[in-house]
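Order of appearance sets the numbers: ligands from 1, and atoms from 1 within every ligand. Side chains included, hydrogens not; waters and symmetry mates left out as well; all remaining heavy atoms used.
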Amino acid sequence: MHARRNKFFSKLSSAFLRKWWFVIAFSLCLIILGILVTFGFTTIVNLVIDHQVALRPGGQSFGWWAKPPVTPQVKVYVYNVTNADEFLNNGSKPIVEEIGPYVYKETWEKVNIVENPNGTLSFNQKKVYIFNEEESVGMEDDIVIVPNIPMLSATSQSKHAARFLRLAMASIMDILKIKPFVEVSVGQLLWGYEDPLLKLAKDVVPKEQKLPYDEFGLFYGKNSTSADRVTVFTGVEDITQYGVIDKYNGRSHMTAWMTEECNRITGGSDGSIFPPHITKDTTIFVYEKDLCRLLPLNFEKEVTGRGGIPGFRFTPKPSVFASVEKNPDNMCFCPSGPPCAPHGMFNVSVCQYDSPVLLSFPHFYLGDDSLRLAVDGISPPEKDKHQFFMDIQPLMGTTLRARARVQINLAVSQVQDIKQVANFPDIIFPILWFEEGVDGLPDEVVNLMRIATTVPDKARTALMIALFTLGILLFIVSVTCLVRKSHRQNTLHLDGTNYLATQHIDQQKKKAKMDSGNKSM
Ligand SMILES: *[C@@H]1O[C@H](CO)[C@@H](O)[C@H](O)[C@H]1NC(C)=O
Ligand SMILES: *[C@@H]1O[C@H](CO)[C@@H](O)[C@H](O)[C@H]1NC(C)=O
Ligand SMILES: *[C@@H]1O[C@H](CO)[C@@H](O)[C@H](O)[C@H]1NC(C)=O
Ligand SMILES: *[C@@H]1O[C@H](CO)[C@@H](O)[C@H](O)[C@H]1NC(C)=O
Ligand SMILES: *[C@@H]1O[C@H](CO)[C@@H](O)[C@H](O)[C@H]1NC(C)=O
């Protein structure tokens with residue numbers, strides 16, 4: 001019996017059958033590979049993406065990060081006050097006319113990049129703004145009439161000071177002929193003009209408390225290399241920290257607000273790149289110094305970017321600038337309140353040398369309607385035009401398109417003893433709003449991204465189908481053949497086996513005979 005089975009297997013392993021065993025093994029390998037592809041391919045692709053996007057000096061991703069291949073544009077819309085005299089002398093409601101856009105093309109570059117040993121990079125952000133005449137509504141030297149921010153800041157701040165100080169202030173302003181509204185060009189309003197009050201402050205105020213400049217402009221000093229030193233994680237060691245701020249001027253937190261969480265800077269992004277593998281539940285954070293806080297953005301909807309690249313639209317929650325009554329979490333941003341900022345406003349006074357500057361979205365989007373109706377001439381907000389959003393490629397964390405829209409407002413307080421502003425009521429006066437926009441990435445990046453986002457999925461499906469089909473087909477064919485062949489061979493050799501078996505028995509009989517013969521001897 002034992003010998004027979006041995007023979008059977010020796011036949012199976014004969015050259016011809018061995019081939020079929022090999023085919024079966026091969027088909028099983030294909031099926032196993034198919035299973036591995038089904039469950040492991042995405043993981044492998046993600047590992048490759050993580051490796052590729054991480055910021056390694058000399059790498060492609062690093063180059064794009066250091067000198068983004070995009071042409072961002074800033075569009076500025078100024079609220080030109082058309083009834084300044086009536087407003088001041090007759091108590092009329094202020095009337096503004098929104099004029100814009102005044103367009104500037106930007107170039108971004110990170111300079112003085114230093115690689116730190118702990119997986120971070122430190123750099124200074126350089127931005128250059130070039131006026132784009134063709135796309136602008138007018139010239140940079142168009143004259144507009146806007147509230148005198150340095151003056152109104154000074155008067156509003158003196159509200160609780162001693163009366164004689166206010167009177168002194170009034171006479172100084174009289175001498176210097178400072179008025180509550182200024183006539184300046186758009187270029188001056190943005191990039192700076194010499195302000196008599198700031199100049200005076202520079203001359204009289206002790207060195208330590210001095211404002212850093214004697215010019216006033218809402219974008220003053222921005223057309224240059226920022227002095228702020230930013231340290232971000234490269235993502236080489238931990239991809240979930242990719243592009244995320246570690247330190248800002250050596251600090252991980254601000255000191256302006258009341259809780260650690262609200263003061264946090266660490267974890268923000270400059271808005272160009274985010275840690276990859278973003279889901280619809282991810283909250284991403286953007287940090288911009290003038291915003292004076294991390295701005296949380298949440299998923300709103302799926303969008304399709306240029307070249308058919310899928311993206312997620314992230315936008316601030318409606319509650320982000322909500323009043324503390326509607327969103328108690330915002331209490332931490334109200335160190336001197338209550339009363340705190342009205343609904344839809346964010347008080348950045350602590351980050352603006354105590355000027356009463358409040359930020360909102362353009363046209364007071366998501367804010368209280370009464371704010372908009374306090375002045376005439378501002379149309380109701382429209383989501384398309386005034387929403388703040390970023391479209392992000394979720395797999396790679398790259399920003400495809402962005403519209404960072406912010407409005408700058410001045411909270412003026414009525415101060416009785418300063419005659420120039422005695423008729424200036426308590427009001428939140430809109431000054432201008434701007435949109436920093438990033439549109440299409442260049443074709444080279446788009447193509448790469450399309451490959452990275454669509455090809456792996458298609459490849460995975462194709463591979464799965466190919467492997468399973470081929471594997472199963474081969475398996476069935478080879479098993480069928482094997483069963484048939486071995487069956488045929490079995491019957492073919494059955495006689496032979498019998499013959500061998502009988503021979504074996506004969507031999508045993510002979511041996512037995514001999515043994516018995518020996519015994520009898
Ligand atoms: C702004 O308003 C003033 C006063 O009405 C007007 O003289 C000026 O031309 C306006 N500026 C622009 C750019 O329209
Ligand atoms: C001031 O208001 C009065 C009454 O409302 C109006 O008749 C007058 O024309 C206004 N004066 C100016 C300079 O607007
Ligand atoms: C990494 O190193 C930089 C430069 O030495 C330092 O400023 C930063 O705080 C360090 N960050 C961490 C997380 O250790
Ligand atoms: C910004 O600076 C560049 C030179 O660095 C200059 O050519 C450009 O006109 C400046 N832009 C503005 C808006 O001042
Ligand atoms: C803004 O904040 C400053 C400083 O905390 C505070 O003095 C001021 O009253 C606030 N303004 C408004 C309108 O809430």
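Here Trp257 and Phe346 bring their ring centres to under 6.0 angstrom of each other. Here Phe424 and Phe87 bring their ring centres to under 6.0 angstrom of each other. Aromatic rings from Phe219 and Phe434 are positioned such that their centres are separated by under 6.0 Å. Two rings, from Tyr104 and Trp191, have their centers less than 6.0 Å apart.
Tested against Asn298, the residues Thr283, Thr315, Thr282 include a single side chain to side chain donor-acceptor pair (under 3.5 Å) partner, Thr283. Only one option out of Ile178, Asp174, Val415, Leu88 pairs with Gln420 in a side chain to side chain contact (heavy atoms under 4.5 Å, CB included); it is Asp174.
If you number the atoms of ligand 4 from 1 as listed, the ones under 4.0 Å from a heavy atom of Tyr129 come out as 1 (C), 8 (C), 10 (C), 11 (N), 12 (C), 13 (C). Within ligand 3, the atoms closer than 4.0 Å to a non-hydrogen atom of Lys247 are 8 (C), 9 (O), numbered from 1 in the order shown. Remark: ligand 3 atoms within the under-4.0 Å shell around heavy atoms of Thr120 are 1 (C), 2 (O). Residue Asn116 approaches ligand 3 through these ligand atoms, each under 4.0 Å from one of its heavy atoms: 2 (O), 3 (C), 4 (C).
For the pair Arg405 and Tyr365, the NZ or CZ position fails the cation-pi test of under 6.0 Å to the six-membered ring centre and within 45 degrees of the ring normal.
Proximity of Phe131 to ligand 4 is not established, as no heavy-atom distance is less than 4.0 Å. By the 4.0 Å heavy-atom criterion, Thr231 is excluded from the residues contacting ligand 3.
On a distance-only criterion, Tyr104 and ligand 4 share no N/O pair closer than 3.5 Å.
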Evaluate the salt bridge (charged side-chain N to carboxylate O under 4.0 Å, His left out) criterion for residues Arg306 and Asp443: first the C-alpha distance (whole Å), next the side-chain angles of each, then the deciding distance (0.1 Å), finally the verdict.
CA-CA 9 Å; Arg306 208 164 65 91; Asp443 288 340; 3.4 Å; yes
Short N or O separations between ligand 1 and the protein, below 3.5 Å:
unit_1	atom_1	unit_2	atom_2	d
ligand 1	2 (O)	Asn80	OD1	3.2
ligand 1	2 (O)	Asn80	ND2	2.3
ligand 1	11 (N)	Asn80	ND2	2.9
ligand 1	11 (N)	Ile143	O	2.8

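Relative ring orientation between Tyr79 and His363 is described as tilted, the plane-to-plane angle lying within the 30° to 60° band.
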